[in-house]
Amino acid sequence: MQESFTSFKDDVNQKANKAIQNFLGSREYSQDEVQAWTAQLSEEIVKMLKDQNSNFKYCVSCVILQKGDAGMHMSSTCFWDSALDGSVAIKWENPSMYCIVNIYGIAF
């Protein structure tokens, strides 16, 4: 029987949070750099996931927002095998920005 995403979901959450902290922790929001940051961070997380468990396809989305008075609402839905597939949603922040990372693991 194939391993389910749920069986290593907590580890994914911890490792992704650590990757976000290491990448963004000491940075201040920069409009000129944020597009590259989202791409680099997403790629780093996908690589980490692939190295951890290659029996899944992964989709990672990353949104970085400057802190301020603006609101943001986001939702997603999936049609998948809930016994094997899964997701993790992470909200991280520092004094200048929010980072929201959604990770989807789809068994194949």
Side-chain angles (χ1 to χ4, degrees):
M1 184 172 172
Q2 186 171 358
E3 181 178 23
S4 72
F5 187 82
T6 306
S7 68
F8 61 98
K9 182 177 180 174
D10 290 340
D11 195 37
V12 167
N13 195 358
Q14 285 181 333
K15 288 181 177 179
N17 265 299
K18 185 176 180 179
I20 297 165
Q21 178 62 39
N22 289 342
F23 190 85
L24 292 175
S26 63
R27 300 180 196 223
E28 286 192 34
Y29 182 87
S30 169
Q31 182 176 340
D32 296 332
E33 297 180 271
V34 73
Q35 186 171 356
W37 293 351
T38 57
Q40 290 171 327
L41 187 54
S42 295
E43 288 172 18
E44 185 177 320
I45 292 171
V46 165
K47 183 181 181 321
M48 178 262 308
L49 293 167
K50 191 177 80 169
D51 291 345
Q52 179 177 342
N53 190 324
S54 61
N55 294 325
F56 286 80
K57 294 179 183 179
Y58 297 102
C59 177
V60 175
S61 68
C62 178
V63 176
I64 297 176
L65 303 160
Q66 184 175 16
K67 281 194 170 178
D69 292 333
M72 178 181 173
H73 301 274
M74 191 168 139
S75 99
S76 65
T77 188
C78 297
F79 178 74
W80 59 21
D81 181 350
S82 59
L84 295 175
D85 306 332
S87 65
V88 174
I90 299 167
K91 178 187 168 205
W92 177 94
E93 66 182 281
N94 72 9
S96 69
M97 65 183 130
Y98 297 104
C99 178
I100 300 164
V101 173
N102 289 302
I103 300 168
Y104 303 92
I106 296 96
F108 67 95

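In this text, all values refer to a predicted model and were calculated from it rather than measured experimentally. Both backbone and side-chain heavy atoms feed into the values below; hydrogens, waters and symmetry mates do not.
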Beyond-backbone contact of Met74 with Asn102, side-chain heavy atoms, under 4.5 angstrom: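 Sidechains of Asn102 and Met74: in contact.
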Non-hydrogen atoms of Gly25 and Asn94 that approach each other most closely: O-ND2, 3.9 Å
Please tabulate, for the side chains in residues 76-84, all donor-acceptor contacts under 3.5 angstrom to protein atoms that are two or more places apart in sequence or on a different chain.
unit_1: Ser76; atom_1: OG; unit_2: Tyr104; atom_2: OH; d: 2.7
unit_1: Asp81; atom_1: OD1; unit_2: Ala83; atom_2: N; d: 3.0

Asp10: which residues meet the salt bridge (Lys or Arg N to Asp or Glu O under 4.0 Å) condition with it, sequence neighbours left out? none
List the residues meeting salt bridge (Lys or Arg N to Asp or Glu O under 4.0 Å) with Lys67, not counting sequence neighbours, and say none if there are none. Glu93
With [X], which residues qualify under side chain to side chain donor-acceptor pair (under 3.5 Å), at least two apart?
X	value
Trp92	Gln21
Asn13	Asn17
Ser7	Glu3

Report whether [X] and [Y] are members of the same hydrophobic cluster (ILVMFWY, side-chain heavy atoms less than 4.5 Å apart, transitive linking).
X	Y	answer
Ile103	Tyr98	no
Ile106	Leu49	no
Ile45	Ile100	no

Ser42 side-chain N/O to Ala39 backbone N/O, donor-acceptor pair under 3.5 Å: no
Pairing residues for Lys15 by the side-chain contact (heavy atoms from CB on, under 4.5 Å) criterion, not counting sequence neighbours: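 side-chain contact (heavy atoms from CB on, under 4.5 Å) list for Lys15, sorted by chain: Asp11, Met48, Gln52.
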Quick one: list whatever passes side-chain contact (heavy atoms from CB on, under 4.5 Å) with Lys9, sequence neighbours left out. Phe5, Val88
Any salt bridge (Lys or Arg N to Asp or Glu O under 4.0 Å) involving residues 34-51? Give me the pairs, sequence neighbours left out, ordered by first then second residue. Lys47-Asp51
Taking salt bridge (Lys or Arg N to Asp or Glu O under 4.0 Å) as the cut-off, I'd like each qualifying pair that reaches into residues 17-41, sequence neighbours left out, listed once. none
Below 3.5 Å, can you tabulate the donor-acceptor pairs from side chains in residues 54-66 to any protein atom, sequence neighbours excluded?
unit_1: Tyr58; atom_1: OH; unit_2: Asn53; atom_2: O; d: 2.7

Roughly how far apart are Leu24 CG and Leu41 CG, rounded to 0.5 Å?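 Those atoms lie 5.5 Å apart.
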